[in-house]
Trainee: 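I have a structure here, written as structure tokens, and I will follow up with some questions on it.
By convention here, the first residue in the shown sequence is residue 1. Computed from a predicted model, the values in this text were never measured in an experiment.
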Amino acid sequence: MHQEHQKLRRALADQHAHADVQDHNEGVPDQAFDILVERAQALMAYEKQMPALLAEPQRLRSQKVIFWSWRVQSAVAIGLILAFRLLGYSDWWYALIVPHLVGTFCGWRLEATAKNHLARRNASIALHAGGALLVLVVLGVLSPWFIVALLIGWAFVGTAVADEQGAGK
């Protein structure tokens, strides 16, 4: 990327030098001026897309985190549902697990863009904390009072993803 930028800068500088020499002799012909403007516009267009090019490796990493986080949490919810059916646990826990499952299915289609990838990656990582809290609450390791923390976590993840979804358009 740096080499491409340098190449465009050199081409512009060379054309400018060529036009400058012609200007001192007999004035800059229209063709030389058009080439100079064209190279300047090519350089400006490349510099405009440089932030996205620089963010691309991080965006790809974020896309992997987002992709797998939502799918893993869906698998956790499915695993809890299957375990509850097999072990005969109380059915009221489904009121927590099914919304978690539906929410994680909705997150499967999230994409990371250059503008929103960090916020979505952070929300996807926070989703794991919510998933761990869900498991601990429904298995009885933590008090049912932690359902409040679980709801706050879901609100945080949902808000972070929804805000960035609107901002990314």
Side-chain angles (χ1 to χ4, degrees), residues 1-9 11 40-169:
M1 183 172 57
H2 181 69
Q3 292 172 347
E4 179 69 21
H5 186 254
Q6 290 299 324
K7 185 177 97 175
L8 289 170
R9 288 183 65 199
Q41 288 175 338
L43 178 62
M44 289 188 318
Y46 188 77
E47 287 178 346
K48 194 177 280 187
Q49 61 176 281
M50 279 182 76
L53 294 172
L54 290 170
E56 187 61 17
Q58 286 290 329
R59 190 200 66 79
L60 290 173
R61 194 170 307 130
S62 294
Q63 183 62 40
K64 288 179 184 176
V65 168
I66 292 165
F67 180 87
W68 287 110
S69 292
W70 293 87
R71 282 157 179 79
V72 165
Q73 286 303 311
S74 294
V76 166
I78 290 170
L80 284 172
I81 289 171
L82 291 175
F84 283 180
R85 286 319 263 166
L86 293 175
L87 297 175
Y89 271 46
S90 170
D91 288 341
W92 84 271
W93 290 114
Y94 292 127
L96 290 176
I97 299 170
V98 171
H100 185 77
L101 179 63
V102 170
T104 56
F105 278 153
C106 291
W108 279 30
R109 58 185 169 83
L110 291 176
E111 294 290 327
T113 65
K115 292 181 180 179
N116 71 6
H117 73 93
L118 289 176
R120 285 195 174 173
R121 179 172 60 186
N122 292 340
S124 297
I125 291 169
L127 178 68
H128 289 294
L133 190 60
L134 174 72
V135 170
L136 294 173
V137 168
V138 298
L139 292 179
V141 175
L142 292 177
S143 165
W145 286 104
F146 279 93
I147 293 173
V148 174
L150 185 62
L151 295 174
I152 291 170
W154 281 343
F156 167 77
V157 170
T159 302
V161 170
D163 285 349
E164 289 304 316
Q165 190 173 19
K169 289 184 179 178

Trainee: Kindly say whether Phe146 contributes a backbone atom to a donor-acceptor pair with the side chain of Ser143 at under 3.5 angstrom?
Mentor: no

Trainee: With rounding to the nearest 0.5 Å, note down the distance linking CD1 in Ile66 to CZ in Arg71.
Mentor: 10.5 Å

Trainee: Any side-chain to backbone donor/acceptor pair from Asn116 onto Thr113? Under 3.5 Å, distance only.
Mentor: yes

Trainee: Consider only side-chain N and O atoms of His128 and Gln73, and report whether a donor and an acceptor are under 3.5 Å apart.
Mentor: yes

Trainee: Give me the one residue out of Ile81, Thr104, Val135 that meets side chain to side chain contact (heavy atoms under 4.5 Å, CB included) with Val76.
Mentor: Val135

Trainee: Check whether more than 12 heavy atoms from other residues, nucleotides or ligands sit under 6.0 Å from atom CH2 of Trp92, and answer yes or no.
Mentor: yes

Trainee: Can you tell me how far apart CG (Leu80) and CD1 (Ile97) are? Round to the nearest 0.5 Å.
Mentor: 4.5 Å

Trainee: side-chain contact (heavy atoms from CB on, under 4.5 Å) for Leu110 and Phe67? Distances and angles first, verdict last.
Mentor: CA-CA 8 Å; Leu110 291 176; Phe67 180 87; over 6 Å; no

Trainee: Can you measure from OH (Tyr94) to CG (Leu101) and round to the nearest 0.5 angstrom?
Mentor: 12.0 Å

Trainee: Ignoring hydrogens and angles, state whether a donor on the side chain of Ser124 or Ser69 is under 3.5 Å from an acceptor on the partner side chain.
Mentor: no

Trainee: Kindly compute the distance separating CG (Leu87) from CG (Leu139), expressed to the nearest 0.5 Å.
Mentor: 9.0 Å

Trainee: Side chains of Val137 and Trp145: closer than 4.5 Å at any heavy-atom pair?
Mentor: no

Trainee: Please answer whether the main-chain N or O of Glu111 pairs with a side-chain N or O of Arg120 as donor and acceptor at a distance below 3.5 Å.
Mentor: yes

Trainee: Looking at Ala112, is its backbone amide N or carbonyl O close enough to the side chain of Arg59 to form a donor-acceptor pair, meaning the two atoms are under 3.5 Å apart?
Mentor: yes

Trainee: Counting C-beta onward and ignoring hydrogens, is there a side-chain heavy-atom pair between Leu96 and Trp154 closer than 4.5 Å?
Mentor: yes

